[in-house]
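Structure first, commentary second.
One-based numbering, in listed order, for ligands and for the atoms of each. Here, residue 1 is the first one in the sequence, and each next residue gets the next number. These numbers were taken from a predicted model, which means no experiment stands behind them.
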Amino acid sequence: MSDCLFCKIIDGSIPSTKIYEDDHVYAFTDISPVAKGHTLLIPKQHCQDLFEMPEEVARNLYAAAPKIANAIKAAFQPIGLNTINNNGAAAGQTVFHYHLHFIPRYDEKEGLGLIWPTQTYSSEQLVEVAESIKAHL
Ligand code: 5GP
Ligand code: ZN
């Protein structure tokens with residue numbers, strides 16, 4: 001996509017700090033890291049978000065994920081790591097080329113705004129929710 005920031009990063013027309021590349025994926029440092037080692041992993045094939053990602057693209061993307069996570073772990077010894085993917089502006093997506101964030105965690109007490117309040121559902125409500133989703137698989 002000619003007007004996509006991350007497609008331009010993949011083709012080199014916009015500079016990035018590359019960490020890893022294979023035939024299918026590209027990983028680079030986030031320009032505004034929320035923690036040391038914050039990395040983005042993206043498919044080379046442009047997909048806006050998870051909703052429009054072909055299964056094969058997903059397979060190839062996630063195949064590279066353990067490698068990236070373990071390299072971050074070996075480099076900086078975080079005590080944990082979040083992988084996060086925002087889909088849609090309402091979910092916090094600002095760049096509309098799918099990307100998986102790798103955010104290492106160094107301090108159990110550090111607040112990255114990643115803890116969300118939970119709701120209480122009865123088991124019947126959980127079944128109803130599951131059935132609604134299953135109907136579309
Ligand atoms: P989102 O909010 O869409 O999930 O995340 C987009 C991420 O892309 C943000 O964390 C932001 O810092 C990062 N980002 C935006 N523009 C650039 C850029 O030009 N280069 C790099 N390396 N990261 C970027
Ligand atoms: Zn793109």
In a simple table, one pair per line, please give the protein and ligand 1 atom names for every N or O pair closer than 3.5 Å, along with the distance.
from	atom 1	to	atom 2	distance (Å)
ligand 1	2 (O)	G92	O	2.8
ligand 1	2 (O)	T94	OG1	3.0
ligand 1	3 (O)	T94	N	2.7
ligand 1	3 (O)	T94	OG1	3.2
ligand 1	3 (O)	V95	N	3.1
ligand 1	3 (O)	H99	NE2	2.8
ligand 1	4 (O)	N86	ND2	2.8
ligand 1	4 (O)	H99	NE2	2.9
ligand 1	4 (O)	H101	NE2	2.8
ligand 1	5 (O)	H99	NE2	3.0
ligand 1	5 (O)	H101	NE2	3.2
ligand 1	10 (O)	D30	OD1	3.2
ligand 1	10 (O)	D30	OD2	2.5
ligand 1	12 (O)	D30	OD1	2.5
ligand 1	22 (N)	T29	O	2.9
ligand 1	22 (N)	I31	N	3.4
ligand 1	23 (N)	I31	N	3.2

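Two rings, from H99 and H97, have their centers 6.0 Å or more apart. Ring centroids of F51 and Y98 are separated by 6.0 Å or more, keeping the two rings apart.
Of all heavy-atom pairs between V57 and P43, the closest is CG1-CB, 3.5 Å. Nearest heavy atoms, L40 versus H101: CD2-ND1, 3.3 Å.
Restricting H97 to its N/O/S atoms, the shortest distance to the Zn ion (ligand 2) is reached by ND1. Its N, O or S atom nearest to the Zn ion (ligand 2) is what matters here, and for H46 that atom is ND1.
Between the side chain of T39 and the backbone N or O of G37, at least one donor-acceptor pair lies under 3.5 Å.
Between the side chains of S16 and Y26, at least one donor N or O lies within less than 3.5 Å of an accepting N or O.
Here the Zn ion (ligand 2) is the vertex; the SG atom in C7 and the SG atom in C4 give an angle of 120° (to 10°).
Salt bridge K134/E131: present, at least one basic N to carboxylate O contact under 4.0 Å.
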